[in-house]
Protein chains: 2
Amino acid sequence: MTELHRDDHTAARTTGPVRLLLADDEHLIRGALATLLSLEDDLVIVAEAASGPEALAMARAHAPDVAVLDLQMPGADGVKVATSLRAELPGCRVLIVTSHGRPGHLKRALEAGVRGFVPKTVSAQRLAEIIRTVHAGNRYVDPELAADAIAAGDSPLTAREAEVLELAADGAPVAEIAERAALSQGTVRNYLSSAVSKLGAENRHAAVRLARQRGWV
Amino acid sequence: MTELHRDDHTAARTTGPVRLLLADDEHLIRGALATLLSLEDDLVIVAEAASGPEALAMARAHAPDVAVLDLQMPGADGVKVATSLRAELPGCRVLIVTSHGRPGHLKRALEAGVRGFVPKTVSAQRLAEIIRTVHAGNRYVDPELAADAIAAGDSPLTAREAEVLELAADGAPVAEIAERAALSQGTVRNYLSSAVSKLGAENRHAAVRLARQRGWV
DNA sequence: CGGGCCCCCTGACATTTGTCATGCGGAGTG
DNA sequence: CACTCCGCATGACAAATGTCAGGGGGCCCG
């Protein structure tokens, strides 16, 4: 035993390259990224995945130091994967990469223990730096996304309001929403009404759009 | 003058590497792709752009052999850029790359003279081959996207119906739509009604979703 | 314990919506 | 030309939706 007081949960490995898991459903991007990151001397990709479940399986199999996950993937999104990963592999840092940065997503991600959150508009060079930052145990959140998230604030919707709004998302009539939520139609209309006024929207559909934009549904 | 009978419009350059323009608003992907495609001996990236207008400007400045455009970019989408490009640089082939392949987009793209249309799920290796195919004067359309487009068929909506549906997209009330389209409210309702029934939707909002899915708006 | 939330429901009302019957005019056809 | 089809428009009517004013019950916290 050469080290005393090693903290298995949070200590970064100090020897060898950073071992990466790359997950993105778009083969083109994942492959390109893999190639590019491999050019960095201190980074090595040990596994790739094209879906949420696959990412989990790969992580279990290879126990990477850092998992770079796309936010939107088939099967399970990046945040869900991060949640599972946190439980199963506490030593694996998670970095989320996304095209469409919606405020609510960032919040959910941080709650899931994600260590980094960046938009795909950064350069690969910059991403490599951020991977190192995350691997060193620090956090990194894109400043612009952080500002958006702060500006958007917390959801003003109660659980029910959010649920009903969610069911209204695809344009279903009140009767159907009521049935699916096991509520009376009047109640559904009340929830929708209060959600609409809280969001300052014209009607329920505009409200759905707003809530989606801010990641509240 | 060293060449006779050069056909400026359609002839592929037969000497030297294929000169590429790469346009994608996501720096990460664009950069990674640039690096990866540069590894191919016969491909060279002569310009990059992060928006529609920028892509146009770069194309004018560098006159690339093939323009690889993302479908969704700020300023002007890939198809719009392709349309302008066709007029200004007839010798420049256009290849569209997209994350979300919606049937209608493919149709619009082909009408704009685009030579290739592929999803981002292909590998970089495959993309390089497709670039060569396009450069040689042939067309390439992803088989799956083509099948979807054929299955979806043409839009059953009349021009007015589509216009009104478009205006209804963000949940605006009929009164606002009527004003913006300079129609009576009754007329707007009729158009919406017929659009809804043509699409087999429950109501206008579901109709908007369907039309969007199929790329008809 | 009392107050403040939130949840769930009801009923009545104004507004917005979806649907229908109908009319006008141009394009294509026999 | 007469006829029909179709896009376009309108207003009337029925149905769905949004809004408001209540009321009962559960939960947490000062």
Side-chain angles (χ1 to χ4, degrees), chain A residues 104 107-108 111 152-217, chain B residues 104 107-108 111 152-217:
Chain A
K107 188 161 186 298
R108 278 200 309 137
E111 281 164 2
D154 273 12
S155 171
L157 303 176
T158 69
R160 281 297 190 196
E161 284 164 358
E163 180 190 344
V164 170
L165 205 55
E166 176 91 50
L167 290 173
D170 53 356
V174 170
E176 192 181 319
I177 300 172
E179 195 180 355
R180 292 215 276 165
L183 295 176
S184 87
Q185 299 198 7
T187 306
V188 168
R189 284 194 281 174
N190 279 338
Y191 281 140
L192 285 174
S193 185
S194 74
V196 165
S197 75
K198 278 179 182 176
L199 296 176
E202 289 276 330
N203 54 42
R204 68 161 93 169
H205 306 286
V208 167
R209 280 199 321 120
L210 280 174
R212 275 216 192 295
Q213 266 178 27
R214 300 182 189 165
W216 289 341
V217 293
Chain B
K107 189 162 187 294
R108 278 201 307 138
E111 281 164 2
D154 274 10
S155 170
L157 303 176
T158 69
R160 283 293 195 199
E161 285 163 357
E163 180 190 344
V164 170
L165 205 55
E166 176 91 50
L167 290 172
D170 52 357
V174 169
E176 192 180 319
I177 301 172
E179 195 180 354
R180 292 215 277 165
L183 293 177
S184 87
Q185 300 198 6
T187 306
V188 168
R189 283 193 236 126
N190 274 339
Y191 282 139
L192 285 174
S193 184
S194 73
V196 165
S197 74
K198 278 179 181 175
L199 296 176
E202 287 276 331
N203 55 41
R204 69 162 90 170
H205 306 286
V208 167
R209 280 198 320 120
L210 279 174
R212 276 217 192 294
Q213 266 178 25
R214 300 181 189 167
W216 289 340
V217 291

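Chain naming here is simple, since letters A, B, ... match the order of the sequence lines and numbering starts at 1 in each.
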Within a reach of under 6.0 Å around CD of A:E166, are more than 12 heavy atoms found that belong to other residues, nucleotides or ligands? yes
Could you give me the CA-CA distance, side-chain angles and deciding distance for B:T158 and B:K198, then say whether side-chain contact (heavy atoms from CB on, under 4.5 Å) is met? CA-CA 10 Å; B:T158 69; B:K198 278 179 181 175; 3.7 Å; yes
Heavy-atom pair of closest approach, residues B:L165 and B:A211: CD2-CB, 3.8 Å
With side-chain contact (heavy atoms from CB on, under 4.5 Å) as the test, would you mind laying out the steps for B:V188 and B:R180 before giving the verdict? CA-CA 11 Å; B:V188 168; B:R180 292 215 277 165; over 6 Å; no
Can you check the A:L199 CG to D:dT19 P distance for me, whole Å? 12 Å
Using a 6.0 Å cut-off, check whether atom CD of B:E179 has over 12 heavy atoms from anything other than its own residue. no
Give the C-alpha distance, both sets of side-chain angles, the deciding distance and a yes or no for side-chain contact (heavy atoms from CB on, under 4.5 Å) between B:R209 and B:H205. CA-CA 6 Å; B:R209 280 198 320 120; B:H205 306 286; over 6 Å; no
Can A:W216 and A:L199 be said to form a side-chain contact (heavy atoms from CB on, under 4.5 Å), step by step? CA-CA 11 Å; A:W216 289 341; A:L199 296 176; 3.5 Å; yes
Can you tabulate the close N/O pairs, meaning under 3.5 Å, that link protein atoms to atoms of nucleotides 22-27 of chain C?
none

Contact check, residues 201-209 of chain A vs DNA chain C, heavy-atom distance under 4.0 Å, returns none
How would you summarise protein contacts on nucleotides 5-12 of chain C per nucleotide, using B for base, S for sugar-phosphate only and - for none, with heavy-atom distances below 4.0 Å? --SBBB--
Quick check: does any side chain N or O of A:N190 sit under 3.5 Å from a backbone N or O of A:S193, one acting as donor and the other as acceptor? no
Under the side-chain hydrogen bond (donor to acceptor under 3.5 Å, both in side chains) rule, collect the residues that match up with B:R160, sequence neighbours excluded. B:E163
Grab the two heavy atoms, one from A:L192 and one from A:A168, that are nearest each other, plus how far apart they are. CD2-CB, 4.1 Å
A:N203 versus A:V196: any side-chain heavy-atom pair under 4.5 Å? no
For DNA chain D, write out the stems as range with range, using runs of 3 or more consecutive Watson-Crick or G-U pairs with both distances under 3.5 Å. C:1-30 with D:1-30
Qualifying ring pair (Phe, Tyr, Trp, His ring centres under 6.0 Å) pairs with a residue from residues 181-204 of chain A, counting only residues at least two apart or across chains: none
